[in-house]
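Side chains are part of it too, since the values below use all heavy atoms of this structure and drop only hydrogens, waters and symmetry mates. Note that the coordinates shown come from a computational prediction; the quantities given were computed from them, not determined experimentally.
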Amino acid sequence: MKLKAYAKINLTLDVLTKREDNYHEIKTIMQTVDLYDIIDIEETDTDEIVVTTSNDSIPTDNKNHAYIAASTLKERFNIKKGVKIHIQKNIPISAGLAGGSTDAAAVLKGLNKMFDLNLSIEELMKIGQEIGADVPFCLVRGTALCEGIGEKVSVLPSCPQMNILIAKPEVYVSTQAVYEALDLSKIKKRPDTEAMLNAINDGNIRLIAKNLCNVLETVTINQHPIINKVKDIMRNNNALGVLMTGSGPAVFGIFNNKYDAITTSERLKVFIKETILTTTTNGVEYYE
């Protein structure tokens, strides 16, 4: 079985409060983009979970989200068969693009089908939120408002197709450290979620671009000024709007046409190794 595991970007990301369990309540509009890992799943008779990847820097044991997804389903539903999972990694890692979460979501969907578990999307989402806060959205895909710690997913009308340029600076960002450093009392600009919802409803790309906002930029950009440099280059090369996705460090720009996005990508490649030209999508999966 072969599955596509799609990346996401955050069009808005607001952090509302810090909970007693140290998680943060968020309100974010997420969007799937046409950038994906390819997950190959094969049933075996060994009772083992074997994960391999095309990227040596990714763990293949119980620190890997895809492994955790397979292990959780095997244990919960007493699956005696084993699985081999190979991840062809195309999504930049540790970037704010939900690379690990989307791999887990693909494995949950794949094993649900492979072993005839007949779990609904809602049941898969409940299991998914135990693995990672972005997994429920990665199961749903498309355009959605996500609340709570990200697990409450409300499907929205599809965004119009937009040209997206993603650039990932070579810096390491810890999501946990970013949230810990966030001072909610010092946030001056928050997303106008209603304005973004209206822009999406109207299919107005310029208004979507105008209303991009992520409060986590206040932390990550201070730690890694190169993110601002990337944003400035995109802005100076006709991006309609630019934003850091998730806790970073990846930045995306929305472009009116592919030519401007390609030109900007060439300029960024002078100091950024990972630049990806893509589009928004609803993320149609496929099985083989």
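Hydrophobic clustering of Ile, Leu, Val, Met, Phe, Trp and Tyr side chains at less than 4.5 Å, counting indirect connections, unites L73 with V83.
Judged as a side-chain hydrogen bond (donor to acceptor under 3.5 Å, both in side chains), not a single pair has a partner in residues 198-213 (not counting sequence neighbours). The side-chain hydrogen bond (donor to acceptor under 3.5 Å, both in side chains) analysis of residues 246-257, with sequence neighbours excluded, yields the pairs T175-S247, N257-D260.
Taking N222 as the reference, nothing meets the side chain to side chain donor-acceptor pair (under 3.5 Å) condition, with sequence neighbours excluded. K63 meets the side chain to side chain contact (heavy atoms under 4.5 Å, CB included) test with P59, D61; sequence neighbours excluded. For the side chain to side chain contact (heavy atoms under 4.5 Å, CB included) test, residues two or more places apart in sequence or in another chain that qualify with E48 are T46, V50. The salt bridge (charged side-chain N to carboxylate O under 4.0 Å, His left out) check on R267 picks up nothing, with sequence neighbours excluded. The side chain to side chain contact (heavy atoms under 4.5 Å, CB included) test applied to Q176 returns S174, E180, not counting sequence neighbours. Taking E130 as the reference, R76 meet the side chain to side chain donor-acceptor pair (under 3.5 Å) condition, with sequence neighbours excluded. For A95, the side chain to side chain contact (heavy atoms under 4.5 Å, CB included) criterion is met by P92, L97, K168, A250, not counting sequence neighbours. By the side chain to side chain donor-acceptor pair (under 3.5 Å) test, E217 pairs with K231, sequence neighbours left out. Taking the side chain to side chain donor-acceptor pair (under 3.5 Å) definition, one finds that K80 meets it with N78, sequence neighbours left out.
A salt bridge is absent between D40 and K84; no separation between the charged side-chain nitrogens and carboxylate oxygens falls under 4.0 Å.
Residues V33 and K8 are not in side-chain contact: their nearest non-hydrogen atoms beyond the backbone lie 4.5 Å or more apart. Side-chain atoms of K74 and L111, non-hydrogen and from C-beta on, never get closer than 4.5 Å to each other.
With T102 contributing its side chain and C138 its backbone, the two residues share no donor-acceptor pair below 3.5 Å.
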Query raised in the report: Where do D232 and K229 land on the salt bridge (charged side-chain N to carboxylate O under 4.0 Å, His left out) test, with the steps shown first?
Result: CA-CA 5 Å; D232 285 343; K229 185 177 179 184; over 6 Å; no
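Side chain to side chain, T193 and T12 fail the donor-acceptor criterion of an N or O pair below 3.5 Å.
The two residues L184 and T17 have their closest heavy-atom pair at CD1-CA, 3.8 Å.
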Using a 3.5 Å cut-off and no angle test, enumerate the donor-acceptor pairs between side-chain atoms of residues 156-167 and protein atoms at least two apart in sequence or in another chain.
unit_1: S158; atom_1: OG; unit_2: N282; atom_2: OD1; d: 3.1
unit_1: S158; atom_1: OG; unit_2: N282; atom_2: ND2; d: 3.1

